[in-house]
Amino acid sequence: MKHFLIYTNKNKDKNLVNTIRIKSYLECMGQKVTLKIKEKSWTEDNSEESEEAKDIPTDVDYMIVLGGDGTVLQAARETKKLFIPIVGVNLGTLGYMTEIEMAHIEEALDQLIAGDYTKESRMMLNGKVTFHCGKPWEEGWALNDIVISRRGSMQMIYLDIYVNGQFLHRYKADGMIVATPTGSSSYSLSAGGPLVIPDAKLIMLTAICPHSLNHRSIVLKPEDVVEIEIPTGREGQKQTVEANFDGTHKISMCTGDRIRIVQSEKITEFLRLNQVSFMEVLHQKFSE
């Protein structure tokens, strides 16, 4: 008998119709099932403490996530210390992280029960913010990306980027995206970054609307250390920015503060049930 955790975005699964269908089938097959229903939008509570799952049993074998890519990101962050393999069920448009369709859900569940799957590990990022004013440091984790962006004013911001302790460049832009391969198909792609096979190991830097004609994304080794310092802005003005982890957890920063971003020791593990490759998913996306 396997123990399944069904993690459901209630906004995507109205009246929990699909959740109940999956739960009933698994229990009929003699499996143990625990439900975790997300009542809130995944952007409503952005504290790091709220994303530490306290009500999930430690003996869970698999996590079935119902929703979209955003729900998968939230589930991965909440369970990052439990190392529960994830399989995503698509309840919206075609996603990069949700490979199962409800039309074939029973076949997919049979595969999980039989152990007929492959595992795919995805790297995560850890970002630790140190404050110049003596406040305690704060940190967060991301499966997709850590984004440093402006707050309030529509003016561009200045960001000093260091790699492995060496000064790289002072960017003038709307912000900076530090992305994993998984995140290459998200905000980084919209900002002009490259698409990367999701189980690769690397870190990408992509500026958001840089005030330059020749800025391109930079690809780094996974072992590299990225530090972003917030200098004074135009005419020596104090800057206020925001470090955003996967679009949920947020940390406010200002002039003099610094964030250190590295590959996390934590990973997210996905279960693959079919032979659809990343290239085939891209082909479908390009054809939309």
Side-chain angles (χ1 to χ4, degrees), residues 43 46-52 73 76-77 80 123-153 155-184 186-188 191 193 201-211 215 217-234 237-268:
T43 58
N46 62 28
S47 64
E48 187 65 34
E49 182 178 353
S50 73
E51 294 176 350
E52 294 294 340
L73 287 173
R77 288 169 54 78
K80 60 183 177 290
M123 67 173 284
M124 299 182 73
L125 295 174
N126 170 256
K128 182 178 291 186
V129 177
T130 54
F131 302 100
H132 75 290
C133 57
K135 288 195 302 180
W137 56 265
E138 291 186 48
E139 67 181 335
W141 286 263
L143 173 59
N144 256 6
D145 50 41
I146 299 174
V147 179
I148 313 300
S149 59
R150 62 192 180 190
R151 294 185 62 198
S153 171
Q155 292 183 343
M156 74 178 71
I157 57 177
Y158 293 66
L159 300 170
D160 287 346
I161 311 296
Y162 297 81
V163 178
N164 300 327
Q166 292 187 308
F167 179 67
L168 174 64
H169 187 63
R170 171 168 287 186
Y171 282 84
K172 302 174 187 177
D174 285 356
M176 177 64 65
I177 304 167
V178 185
T180 66
T182 300
S184 73
S186 187
Y187 193 7
S188 178
K201 301 291 187 292
L202 53 86
I203 298 172
M204 289 172 293
L205 304 179
T206 302
I208 306 169
C209 300
H211 191 64
H215 279 170
S217 295
I218 299 173
V219 179
L220 304 172
K221 301 191 303 295
E223 299 84 9
D224 288 337
V225 177
V226 177
E227 293 178 286
I228 302 177
E229 187 172 77
I230 314 304
T232 55
R234 181 180 296 177
Q237 294 180 335
K238 181 179 178 179
Q239 296 192 114
T240 302
V241 304
E242 186 174 80
N244 197 311
F245 299 76
D246 278 346
T248 54
H249 179 51
K250 302 172 184 178
I251 300 176
S252 295
M253 301 174 63
C254 62
T255 294
D257 295 343
R258 177 181 288 229
I259 181 169
R260 181 179 186 269
I261 300 172
V262 297
Q263 178 181 208
S264 174
E265 76 281 1
K266 299 174 176 60
I267 62 168
T268 296

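Values below: all heavy atoms of this structure, side chains included; hydrogens, waters and symmetry mates excluded. Nothing here was measured: the structure is a model prediction, and the numbers come from that model.
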N/O donor-acceptor pair under 3.5 Å between [X] side chain and [Y] backbone:
| X | Y | answer |
| --- | --- | --- |
| T232 | K238 | no |
| N126 | W141 | no |
| Q239 | I230 | no |

Would I177 and I208 satisfy side chain to side chain contact (heavy atoms under 4.5 Å, CB included), going step by step from the backbone distance to the final call?
CA-CA 7 Å; I177 304 167; I208 306 169; 3.7 Å; yes

Count the heavy atoms of every other residue, nucleotide or ligand shown that sit under 6.0 Å from [atom1] of [X], and state whether that count exceeds 12.
| X | atom1 | answer |
| --- | --- | --- |
| H132 | NE2 | yes |
| R258 | CZ | yes |
| K221 | NZ | no |
| Y187 | OH | no |
| K266 | NZ | yes |

Nearest-0.5 Å distance that lies between atom [atom1] in [X] and atom [atom2] in [Y]:
| X | Y | atom1 | atom2 | value |
| --- | --- | --- | --- | --- |
| H215 | H169 | NE2 | NE2 | 3.0 Å |
| M176 | I261 | CE | CD1 | 9.5 Å |
| I228 | R260 | CD1 | CZ | 13.0 Å |
| I203 | T180 | CD1 | OG1 | 9.5 Å |

Walk me through it: do K80 and L143 pass the test side chain to side chain contact (heavy atoms under 4.5 Å, CB included)?
CA-CA 10 Å; K80 60 183 177 290; L143 173 59; over 6 Å; no

Once you measure the plane-to-plane angle for F245 and H249, does it fall in the parallel (<30°), tilted (30-60°) or perpendicular (>60°) bin?
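Because their plane-to-plane angle lies in the 30° to 60° range, the rings of F245 and H249 count as tilted.
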
Test item: side-chain donor near acceptor, D246 and N144, under 3.5 Å:
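Looking only at side-chain atoms, N144 and D246 do not form any donor-acceptor pair under 3.5 Å.
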
Check step by step if side chain to side chain contact (heavy atoms under 4.5 Å, CB included) holds for V178 and I259.
CA-CA 11 Å; V178 185; I259 181 169; over 6 Å; no

Show, in sequence, the C-alpha distance, side-chain angles and deciding distance for T268 and M124, and conclude whether the side chain to side chain contact (heavy atoms under 4.5 Å, CB included) test is met.
CA-CA 7 Å; T268 296; M124 299 182 73; 3.3 Å; yes

